[in-house]
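Working notes for the structure below.
For the numbers below, each heavy atom of this structure counts, side chains included, while hydrogens, waters and symmetry mates do not.
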Amino acid sequence: MAPNADQNRLRQRVNNNSSSNVDTTMDTDTDTLATASTATQLKDIKSTEVVIDGTIYDLKSFRHPGGESILLFGGNDVTVQYKMIHPYHTTKHLEKMAVMGKVDPNDIKEDYKFDTDFEREIKREVFKIVRRGREFGTSGYFARAFFYIGLYIVLDYYWTTQPTTLKLAIAFGVAQALIGLNVQHDANHGAVSKKAWINDFLGFGADMIGGCKWNWQCQHWTHHAFTNHHLKDPDAVNAEPYLLFNDYPLDHPKRKPYHSFQALFFLPVLSGYWLSMVLNPQTFTLQHEGSKDVGIRMDNDFLKSRRIWATLIRFTYIYLNIIRPFNNNGGIENILTTAFHILTMGAAESLTLASLFALSHNFEHVDRDPTKPVRATGKAICWFKSQVETSSTYGGFIAGALTGGLNFQVEHHLFPRMSSAWYPYIAPKVREICKKHDVRYAYYPWVWQNFASTVKYLHQSGTGSNWLNPLKGDL
């Protein structure tokens with residue numbers, strides 16, 4: 001069995017929440033629920049409710065230790081997301097929330113299954129290394145995070161108060177990327193600290209580099225839950241129509257002649273990532289199109305209440321990092337030079353972030369369609385297995401210190417609410433268990449090897465060579 005939650009700590013949490021409106025007397029027996037209310041369609045649940053395993057729960061009925069961020073997903077079926085970020089899950093956890101009814105079974109499609117032999121063993125062994133309550137940021141993590149925050153503050157000061165230079169533009173762009181990799185990422189996964197306010201505060205690092213905390217969470221948590229899913233992973237389609245990460249059939253309408261050359265131009269395309277973030281109007285509506293396109297509802301009251309803050313932060317970023325450099329450089333004759341420096345800064349950030357992200361799930365022999373067996377047989381697949389076979393890991397401690405542990409993508413996708421500081425410690429055990437269960441684990445000792453594999457994959461997906469001959473497709 002998977003490790004059980006510590007019952008004494010669980011009772012203590014329930015007692016601590018006794019002042020909230022928790023219906024602790026509600027009988028959650030399936031038969032009782034079925035007779036207590038009629039089945040509801042998924043599209044009709046309220047913005048303060050979520051669905052887990054077909055049951056509707058009221059998010060307002062208790063005080064979640066992770067803070068208000070859970071309200072972000074109000075109005076959705078969050079079965080996979082819930083199990084993904086609650087590795088110590090027991091049925092007792094769900095008893096804290098008031099049950100509002102059941103969802104029509106016809107609205108529920110289960111692509112993934114949990115509590116498999118592979119999941120139980122990998123949890124059991126990993127939790128021997130990282131004990132419960134210690135999975136958050138270590139002293140080493142905070143030292144790394146505060147170093148990068150300090151670097152960002154110093155370079156941002158020079159960027160906003162002094163005439164810009166090409167070297168400063170590149171340095172500041174990389175510094176912003178390091179915030180994205182090392183600070184906001186862990187924070188917006190709730191992995192920095194047990195204290196929700198610390199995660200919430202550091203999570204605004206996403207906005208400090210031109211992104212948006214709330215849109216990022218909508219997109220990224222969905223990506224984690226449905227990695228490489230042919231319909232539900234927003235990251236798989238975000239670069240379209242310029243790049244094809246999905247290896248579509250040869251006659252697919254999304255295929256264009258220029259995709260045959262995407263291995264040659266994917267880096268210039270990715271260099272525009274920062275500009276697409278800063279000028280993205282979805283920041284003002286908090287309606288991330290990629291997440292909406294894969295079925296995530298974002299019309300809940302929580303996100304609506306954050307729109308004004310997202311807008312204010314975005315205008316502040318634009319003023320400090322785009323308008324002020326023009327003022328500091330002065331003179332009409334310097335407009336083109338200033339614009340070039342700003343675009344260079346953005347490209348430096350973009351390439352540092354996006355090129356590393358591209359490696360994670362796009363490489364030779366990656367599983368780009370993990371739920372294909374589900375469509376063929378109707379049987380759900382192991383979620384933990386799919387996370388391993390859709391991700392790659394490269395390097396070790398040094399790469400982890402630079403990338404915020406995101407070089408350990410396999411470990412990160414298995415345990416997304418564990419601080420990145422722990423991934424080097426659990427990686428050897430994860431590989432061992434994967435080998436035992438015949439789960440394909442992609443590891444590259446050096447980043448350039450992963451990069452080369454990504455280039456080859458992009459060539460294959462762009463030309464469709466795998467559909468012509470599965471044994472060919474190399475550059």
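- Side-chain atoms of K102 and T55 form a donor-acceptor pair, as typed in the model, at a separation below 3.5 Å.
- S453 and Y444 form a side-chain donor-acceptor contact under 3.5 Å, judged by distance and modelled atom types alone.
- In summary, the side chains of N407 and T403 do present a donor paired with an acceptor at a separation below 3.5 Å, with no hydrogens or angles considered.
- No salt bridge links D367 with R440; every basic N to acidic carboxylate O contact stays at or beyond 4.0 Å.
- Taking CZ from R306 and OG1 from T311, the interatomic distance works out to 13.5 Å, rounded to the nearest 0.5 Å.
- Looking at S419, its side chain never comes within 3.5 Å of a backbone N or O of W422 through a donor-acceptor pair.
- Residues H412 and H185 place their aromatic rings such that the two centres sit under 6.0 Å apart.
- Side-chain atoms of N188 and W221 form no donor-acceptor pair, as typed in the model, at a separation below 3.5 Å.
- Between the CG atom of L243 and the CZ atom of F266 there is a distance of 8.5 Å, given to the nearest 0.5 Å.
- Classification of K46 and D58 as a salt-bridged pair fails, no side-chain N sitting under 4.0 Å from a carboxylate O.
- For the 3.5 Å distance criterion, the side chains of Q176 and T352 fail to qualify, holding no donor opposite an acceptor.
- No close placement of the F408 and F397 rings is indicated, their centers lying 6.0 Å or farther apart.
- In this structure the side chain of L303 reaches within 4.5 angstrom of the side chain of L72, judged on heavy atoms.
- Taking the side chain as every heavy atom from C-beta outward, V410 and Y423 never approach each other to under 4.5 Å.
- W214 and F204 have their aromatic ring centers within a separation under 6.0 angstrom.
- For the atom pair CG of L181 and CG of D186, the computed distance is 10.5 Å after rounding to the nearest 0.5 Å.
- Distance CG/D438 to NZ/K385: 8.0 Å, rounded to 0.5 Å.
- Between H224 and H220, the ring planes are perpendicular. Angles over 60° get that label, and only those under 30° would be called parallel.
- The backbone N or O of V78 sits nowhere less than 3.5 Å from a side-chain atom of N76 that would complete a donor-acceptor pair.
- In this structure, K128 pairs ionically with E125, as a charged nitrogen and a carboxylate oxygen lie closer than 4.0 Å.
- Between the side chains of Q409 and H413, a donor-acceptor pair is found at a separation under 3.5 Å.
- Residues D115 and R120 are paired through a salt bridge, judged by an N-O separation under 4.0 Å between the basic side chain and the carboxylate.
- The backbone N or O of H189 sits nowhere less than 3.5 Å from a side-chain atom of N199 that would complete a donor-acceptor pair.
- Distance check, rounded to the nearest 0.5 Å: OH of Y248 to OG of S461 gives 10.0 Å.
- Residue N228 is tested with D235, V366, T371 for a side-chain contact (heavy atoms from CB on, under 4.5 Å); the sole match is V366.
- Using a distance-only test at 3.5 Å, with no hydrogens or angles considered, a donor-acceptor pair links the side chain of R255 to the main chain of P249.
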